[in-house]
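A, B, ... follow the sequence lines: proteins, then strands. Residue 1 opens every chain. Only this structure's heavy atoms are used, side chains among them; waters, hydrogens and symmetry mates stay out.
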Protein chains: 2
Amino acid sequence: MKRKITLKQIARELDVSISTVSKALRNSAEISDDTKQKIQAFAKLYNYRPNNIALSLKNRRTNTIGIIIPEIVHHFFSEVIRGAELVANKRGYNVIIGLSNESFSKEVINMEMLANGSIDGFILSMSKETLQQQDYHHFNETMSQGMPVVMFDRVVSEIKCDKVIVDDFNGAKNAVEKLIENKCKSIALISTPDYVSVGKLRTQGYLEALNENNILAESKLILKIDDTVDYEVHLDALEAEIEQLFKANKKIDGVFAVNELYALTAMKVARKLGLNVPNDVQVIGFTDGVLSKHATPSLTTVSQHAQQMGEKAAQLLIDKLESEVNPADEEFHTVVIATDLVERESTK
Amino acid sequence: MKRKITLKQIARELDVSISTVSKALRNSAEISDDTKQKIQAFAKLYNYRPNNIALSLKNRRTNTIGIIIPEIVHHFFSEVIRGAELVANKRGYNVIIGLSNESFSKEVINMEMLANGSIDGFILSMSKETLQQQDYHHFNETMSQGMPVVMFDRVVSEIKCDKVIVDDFNGAKNAVEKLIENKCKSIALISTPDYVSVGKLRTQGYLEALNENNILAESKLILKIDDTVDYEVHLDALEAEIEQLFKANKKIDGVFAVNELYALTAMKVARKLGLNVPNDVQVIGFTDGVLSKHATPSLTTVSQHAQQMGEKAAQLLIDKLESEVNPADEEFHTVVIATDLVERESTK
DNA sequence: TCTTAACACGAAAACGTTTGCGTGACTTTC
DNA sequence: GAAAGTCACGCAAACGTTTTCGTGTTAAGA
């Protein structure tokens, strides 16, 4: 087992100084062609590669970006990572990930761990717990230490940083407009509590669409699911809640749900109650994931372009890392990613 | 903006030497209680944290492990990551990920990038292209440089390293046995080409189950899907192939598919042809992902316990990293993760 | 009073790089 | 033949730690 070779070893072997080796390998004009050739050949033979850690220490930059997300087993977040990794790699950066599991303390710990020199900047989406507690000190602290942060999807106006968000409002509005256009008269909304910013915005989009079309919003048509319960596990409970909604409002002929799972479950419940999708009830979901695509009937959905979000976030972050502007008078951008309505079989 | 504080700055500020500060913060007995208190208080005030990069350089270990996977937008792989991240964090390690996108060259580049000091060891699953080309030099090279590697899922016997694999053979066998038990007489197999090791093993399990039950395997019942085409995109083509299979073999009453998507598509085709699942055709898939759970009817499937694989892989890797055994006489383990058959609505 | 030990701290090396500057040996120029 | 210039290389500092060893001061023991 040959350990990785270093400059020092090459220098000793070839009986020159370390600096000569370093310069030779970087093709400095200071070194004679003879020596350069000799050193380069030797380095190639032993497959020399500069040690990243030493470089990081010297250059005070790691060329690594940290991504903190609440959950990785989730189509949306893994797509964001894919996008971020894509542009990061293209620009010579690595990606290191931390999972908060929707927990405030894990988010803090993970950030501290990475902030101590391991990375140059953060891309992150806040955990639900953080959103609830509204405690943002760890973000502000890392930023005040000169480490740039780009937030995506779950953001909050109190924090001053670059942001990449989905146009939740218009995405929802367009979806509901589509239902109205398709002659739905009684459109239900299945959403999350308002502290989840995206849930709130999508709810507003729903209301606005109704409003602009002179349809009275009825609170009994709005179901807010308490998502502290993990409905991936307790599917039955979710189903029961939605069934309740349908039974109490027999004339529902359209459903807009703020995520795939709710939409899918709505379809399931409708079928169970003898309703045909899309003939009796039309359904539109949010987040164009694998479930929407492969459901039967396949689900019309608002596509968030998650990968594009990741790409944009990485781009913003790296741009900032490589810009020379005085951090004092920097400005923050908020990029809004437009949504698309992907029409499939669950609407007419 | 206050930059992160260093030992040197604390030393200068408090008019002591760097070594005194370092020792004081590590509570060395060499330093008087007075000085310790003073230094510790100051450090706390300025929120001092040792620089990870400097530590890595000094200790020649990064406490970071690299995970290379072909694709992250994939339930199985993201679950593996979750598992690995879980135990890694618990044991004080970070996780850095590289995506090969099923490409050989990206796999090589990514590994080289990380191997130069950024990480202490690898957890990886090979890309399809690597499996096809059978070029394993990059694995052997990094291992010969003393960097431990743990492979999972897609492994190959030529490479000597720790491995975590699914019991593909018995998983498939049990699934097919279940179909036989459920009175299926004509069981089709939808698989991948044999160079994908897992596809091969699952095919063997299928054949063995038939064999032990004295059912003659018929090649016309075996469909091998060329997966170099991305069927997530070209769903129609996949559907057409499977429809072909059904039409050519009208008496098919059971289907075993080596992944979720194939199984789901089989169900879709069956429904299209007027067959009821599970009454006319029973279907079992492989990989217990989100699709199986939320399909209608929900899919009976072989669960691979992906998260557990990730946990086990990280455990093996870190154990190796922290063991003191002479690398010359180390031994390699292969951990086989048993599968479970999760019975749902697609079987009787 | 002299030796010795305990105490509290500092100097320096090491991890692996990069780079500005110094320097010795030639070569050129007048 | 002396001054100046060029060439090819080495020295040393720096990045931020940890740790071994050395050292000056004080107190205790003989």
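Following rounding to the nearest Å, N52(A) (CG) and dC15(D) (C1') show an atom-to-atom distance of 15 Å. Atom CG of D33(A) and atom C1' of dC7(D) are 12 Å apart (whole Å). Straight-line distance from the CD1 atom of I53(B) to the C1' atom of dA14(C): 17 Å, rounded to whole Å. dG22(D) atom P lies 13 Å from atom NZ of K23(B), rounded to whole Å. Here dC9(C) presents its P atom at 12 Å from CG of D15(B), a figure rounded to the nearest Å. Rounding to whole angstrom units, OH of residue Y46(A) and P of dG16(C) are separated by 17 Å. Rounded to a whole Å, the CD1 atom of I31(A) is 15 Å from the C1' atom of dT6(D). Across the protein-nucleic acid pair, L55(B) atom CG and dC15(D) atom P stand 16 Å apart, rounded to whole Å.
Put simply, the side chain of S22(A) never gets that close to the backbone of I18(A): no donor and acceptor are under 3.5 Å apart. Side chain of N52(B) to backbone of L114(A): no donor-acceptor contact under 3.5 angstrom is found.
Using a 4.0 Å cut-off, some side-chain N or O of K8(A) falls inside it from OP1 or OP2 of dC15(C). In this structure, R60(A) reaches the dG16(D) phosphate: one of its side-chain N or O atoms is under 4.0 Å from OP1 or OP2.
When heavy atoms are screened at a 4.0 angstrom cut-off, S32(B) is found touching the sugar-phosphate backbone but no base atom. R61(B) comes within 4.0 angstrom of nothing in the nucleic acid, heavy atoms only. T35(B) comes within contact range of the sugar-phosphate backbone alone, with a heavy-atom separation under 4.0 Å but no base atom that close.
Summary of the strand contacts: T6(A) and E30(A) both lie near DNA chain C, and taking for each the nucleotide with the nearest heavy atom, the more 5' one is attributed to T6(A). Ranked by how close their nearest DNA chain D nucleotide is to the 5' end, V21(A) and N51(B) are led by V21(A). Comparing S17(B) and N59(A) by the nucleotide of DNA chain C whose heavy atom lies nearest to each, the residue mapping closer to the 5' end is S17(B).
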- Show your reasoning for whether salt bridge (charged side-chain N to carboxylate O under 4.0 Å, His left out) applies to D319(A) and K312(A). CA-CA 10 Å; D319(A) 282 350; K312(A) 195 70 202 173; over 6 Å; no
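The base of dC11(D) sits with one of its N or O atoms less than 3.5 Å from a complementary donor or acceptor on the side chain of S19(A).
Of all nucleotides listed (dT18(D), dA12(C), dA14(D)), dT18(D) comes nearest to the side chain of L7(B).
The pair E102(A)-R154(A) counts as a salt bridge, with a side-chain nitrogen and a carboxylate oxygen less than 4.0 angstrom apart. The residues E85(A) and K106(B) are annotated as salt-bridged, a charged nitrogen and a carboxylate oxygen being separated by less than 4.0 angstrom.
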